[in-house]
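Here's the structure, in C-alpha cells; my notes come after.
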Amino acid sequence: MTLLKAVRGTRDLLPPETELWERVEATTRRVFARYNFGEIRTPIFEDTQLFARGVGEETDIVSKEMYTWEDRARAQSEKSQSLTLRPENTAGVVRAYIEHKMGETGLLQKLYYIGPQFRRERPQKGRYRQFWQIGAEVIGPPSAGSESPLRDAEVLEMLASFLDELGISGWTLVLNSVGCSTDRPRYVAALREALAPVKHQMSEDNQRRAETNPLRVLDSKDPSDEAIVANLPKIADYLDEASKAHFAAVLAALDACGVQYEVNPRLVRGLDYYTRTTFEFTHGGLGAQNALLGGGRYDGLSEMLDGPKAPGIGFAMGLDRLILTLQAGQAESAPTLADAFIAPLSESLNAEALALARDLRRAGLRIDLGDGAFRIKKSFEIGNKLARKIVLLGEDEQRSGILTVKNFATGEQTKIPRGELAQALQNS
RNA sequence: GCGGCUAUAGUUCAGUGGCAGAACACCGGACUGUGGCUCCGGGUGUCGUGGGUUCGACCCCCACUAGCCGCCCCA
C-alpha cells in the first residue's frame, strides 16, 4: 500500500504561502474593479468541441495537452459526450457571452476571471498541470466600440498598473500586430514561400516548424538560424491599412499615458484566434518560462463559435509564475500572528475560555485558543508561536474578572478587566 | 513527447559494500501560574517504489515513480 500523493503536476498550496495568493487575488479584484470589470466564473470543464474550434485543432494544446474523457450516456436517449478540463479560459468566456446573448445589451462586456486551468504538459517549476490563471476579456458588438484600439491600450495600461501595484518591477511589455483575418493567411503564405529555398539549411526544429507552423520559426531561439530568420518577410509589411492604423493608435495611446513598451515584429502567439494586437509581459528570472502573461485581440473568435460578430481583446496571466516572481523578491513569509492566544489554565475553564474567545472575535480580533489540559509552560510556548499576546484565564482571573495579559514582544504583563479586554487588545 | 541531473529524519543536507548521521525543527525534563535565552535527555527513518547482483545493498545494476533543468510548446 503506497501512500497517496498529489498527482504529477498538481500540488497543495499551504499557509502561509496562501496568504500571498490571497494578496494577489485581492489586488486583482481591487485594480480590475477600478476599470469597471466584473467577475465571470465559467465551468471547469466544457464540451471538447469548444476548445477544438476555439483554440485551434492543430495547436499543441488541443492536439496533445488536453485532459479529455468520454462522459458516458446514462440513458438510451442520452448520447455520450466528449468533455475536457479547460486548458484556458477565453473560449469559455466567449461561449458564455454567446450563450447568454450578452451582446444584446449593446454594451461592452468587461469580464475577468481567476481560476485553475489544466494542461497535460511535462511539469517544471512554475509550470503545472493544474495551474492558475487570472485573465480578463473586453468583448462586445462593434457598435459598442469593441474594435477600438483604445480598448487594447486600456487593457495594457491596466496590466501595467496592476503589476506596479503588486510591487513587481523589471517587467517588459512586448507587443506586435499579427494583422486581421485576411492579413495573416497572406503573410503565412509569404513566409512559406520565403522559407522554401532556405529551410534545408536550418535546424531540425525549424525545418519542422516551417512545415507545420511557419509563424513559429520567427520565435526561434536557435542562434545558427538567426541570419535566415532576420531576412524573412516582416508581418508589418503585410498589414492592411486598417490594421496598420489600429496598431499605430494603440502605440500612441500607450505613449500618451507613459506606459513603456517594445515592439517585437517576431512576437507571434500560438493560439489560432489572435488577430491584430498581440502582447506579452516578460520578466527576467523565470528561466525558460519568462512570460508572465500574454494576450491579444481576437476579433473573429465569437464567429468561429457560431456567435454574433463580437470583437474582443484579453489576456491570461500565469498566477503560479507571478507568485514565484513575487517570492523571488522577498524573504520567506511568516504566518500572520493572532492578536491574542487565550490560555485556560485548567480544563474546567475551557468553556469559559471559549466564551471569552467568542466575545473577542465578535469584536473583530484574530484570536486563537489553547486548552486547559496544557501545562502553563506549554500554553506560553504555543502562544508565543501563534500570537502577539497571551491572555491567561486561571482560577484568580475567573474569580476576579480581571485577566492577565502578557505581550510577547515586550515581556510586559498587565491586568485588564474582562469588559475592557477587547478595547485594550485593539489599541495595542 | 524527448534529453540530462536528482531522490537519506518534519526541513536543509552529509555518508560508507559491514550497527543510519549532523544542523535546525519537534517531544520530554530542569520549571505544578510564565514564552524567548540556557542546560539535560529523546531519532521521530520503508535511505522514493519494485526487482537484481552479493555472505551482506542506503551504497553497485535494471525498471518504475516523482522533482528539478533544458527542448518541444506555452501563461
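- With respect to the salt-bridge test (charged N to carboxylate O, under 4.0 angstrom), the residues A:R375 and A:E381 do not qualify.
- Taking atom C1' on both B:C59 and B:U53, the two are 13 Å apart, rounded to the nearest angstrom.
- Using a 4.0 Å heavy-atom cutoff across all strands shown, A:Q117 reaches no nucleic acid atom at all.
- Comparing A:K378 and A:G9 by the nucleotide of RNA chain B that holds the closest heavy atom to each, the one mapping nearer the 5' end is A:K378.
- Backbone-only engagement by A:G294 is indicated by non-hydrogen atom pairs under 4.0 Å involving sugar-phosphate atoms exclusively.
- Taking the centre and axis of the six-membered ring of A:F380, the NZ or CZ atom of A:K377 falls outside the cone set by 45° and 6.0 Å.
- A:D60 comes within 4.0 angstrom of sugar-phosphate atoms only, judged by non-hydrogen atoms across all strands, and of no base.
- In this structure B:G35 sits in no base pair that meets the Watson-Crick or G-U test at under 3.5 Å.
- Here A:R120 lies in heavy-atom contact (under 4.0 Å) with sugar-phosphate atoms only.
- Contacts of A:L293 with the nucleic acid, taken as non-hydrogen atoms under 4.0 Å apart, involve only primed sugar atoms and P, OP1 or OP2.
- The existence of a salt bridge linking A:E154 and A:R151 is confirmed by a sub-4.0 Å separation between a basic side-chain nitrogen and an acidic carboxylate oxygen.
- An OP1 or OP2 oxygen of B:G33 is reached within less than 4.0 angstrom by no side-chain nitrogen or oxygen of A:K415.
- With distances taken from any side-chain atom of A:F408 to the nucleotides B:G35, B:C73, B:G67, the minimum falls on B:G35.
- A close approach under 4.0 Å does not occur between any side-chain nitrogen or oxygen of A:R321 and OP1 or OP2 of B:A75.
- Atom C1' of nucleotide B:A75 and atom CD of A:Q133 are separated by 5 Å, given to the nearest angstrom.
- Looking at A:E397, its side chain comes within 3.5 Å of the base of B:G33 through a donor and an acceptor atom.
- Separation of the P atoms belonging to B:G18 and B:C61 is 16 Å when rounded to the nearest angstrom.
- Rounded to whole Å, the C1' atom of B:C55 lies 29 Å from the corresponding atom of B:A14.
- Partner assigned to B:G41 is B:C27, using Watson-Crick or G-U wobble distances below 3.5 angstrom.
- Partner assigned to B:C19 is none, using Watson-Crick or G-U wobble distances below 3.5 angstrom.
- Atom CG in A:L218 sits about 16 Å away from atom C1' in B:C74, given to the nearest Å.
- For the residue pair A:K309/A:S302, the side-chain donor-acceptor check at 3.5 Å is not satisfied.
- The pair A:D359-A:R418 meets the salt-bridge criterion, since a charged nitrogen lies less than 4.0 angstrom from a carboxylate oxygen.
- Contacts of A:T404 with the nucleic acid, taken as non-hydrogen atoms under 4.0 Å apart, include base atoms.
- For the pair A:R127 CZ and B:G70 C1', the computed distance is 11 Å after rounding to whole Å.
- Between the P atom of B:C68 and the CG atom of A:D320 lies a distance of 11 Å, rounded to the nearest Å.
- Atoms CD (A:Q124) and C1' (B:C72) sit 11 Å apart, rounded to a whole Å.
- A:K406 contributes a side-chain N or O that forms a donor-acceptor pair with the base of B:G35 under 3.5 Å.
- Contacts of A:L392 with the nucleic acid, taken as non-hydrogen atoms under 4.0 Å apart, include base atoms.
- Using a 4.0 Å heavy-atom criterion, one finds that A:E280 contacts no nucleic acid atom at all.
- Distances from the side chain of A:E381 to the nucleotides B:C73, B:A66, B:G36 place B:G36 closest.
- Across A:R388, A:K389, A:R361, a single residue satisfies side chain to side chain contact (heavy atoms under 4.5 Å, CB included) together with A:D339, and that is A:R388.
- For the C1' atom pair drawn from B:G48 and B:U54, the interatomic distance equals 23 Å after rounding to whole Å.
- Within the structure, every side-chain polar atom (N or O) of A:R375 is placed at least 4.0 Å from both OP1 and OP2 of B:G33.
- Distance noted for atom C1' between B:G10 and B:G4: 30 Å (whole Å).
- A:E88 comes within 4.0 angstrom of nothing in the nucleic acid, heavy atoms only.
- Comparing B:G43 with B:C27, their C1' atoms are spaced 11 Å from each other, to the whole Å.
- B:C68 and B:G35 have their P atoms separated by 42 Å, with the value rounded to a whole Å.
- A:A6 comes within contact range of no nucleotide atom at all, as no heavy-atom separation falls under 4.0 Å.
- In terms of position on RNA chain B, the residue among A:G318 and A:I376 whose nearest nucleotide sits closer to the 5' end is A:I376.
- To the nearest angstrom, P of B:C72 lies 13 Å from CD of A:E65.
- Base pairing analysis places B:U53 opposite nothing; no Watson-Crick or G-U wobble pair with both distances below 3.5 Å involves it.
- At whole-Å resolution of the value, NZ in A:K389 and C1' in B:U34 are 17 Å apart.
- With both ends at atom C1', the span from B:A9 to B:G56 equals 25 Å, rounded to whole Å.
- Summarising the local packing, CD of A:E193 is surrounded by 12 or fewer heavy atoms from other residues, nucleotides or ligands at distances under 6.0 Å.
- Pair check for B:G1 finds B:C71; Watson-Crick or G-U wobble, both atom distances under 3.5 Å.
- Taking every side-chain heavy atom of A:R8 into account, B:A66 is the closest of B:C68, B:G33, B:A66.
- For B:A66, the paired nucleotide is B:U6, the pair qualifying as Watson-Crick or G-U wobble because both relevant distances are below 3.5 Å.
- Separating the CG atom of A:D371 from the P atom of B:G33 is a distance of 16 Å, rounded to the nearest angstrom.
- A side chain to side chain contact (heavy atoms under 4.5 Å, CB included) with A:R119 is found for one member of A:R127, A:R86, A:E88, A:R129 and no other, namely A:E88.
- When ring centroids are compared, A:F408 and A:F341 stay outside the 6.0 Å threshold.
- In this structure, A:G411 reaches the bases: a heavy-atom distance under 4.0 Å links it to at least one base atom across the strands shown.
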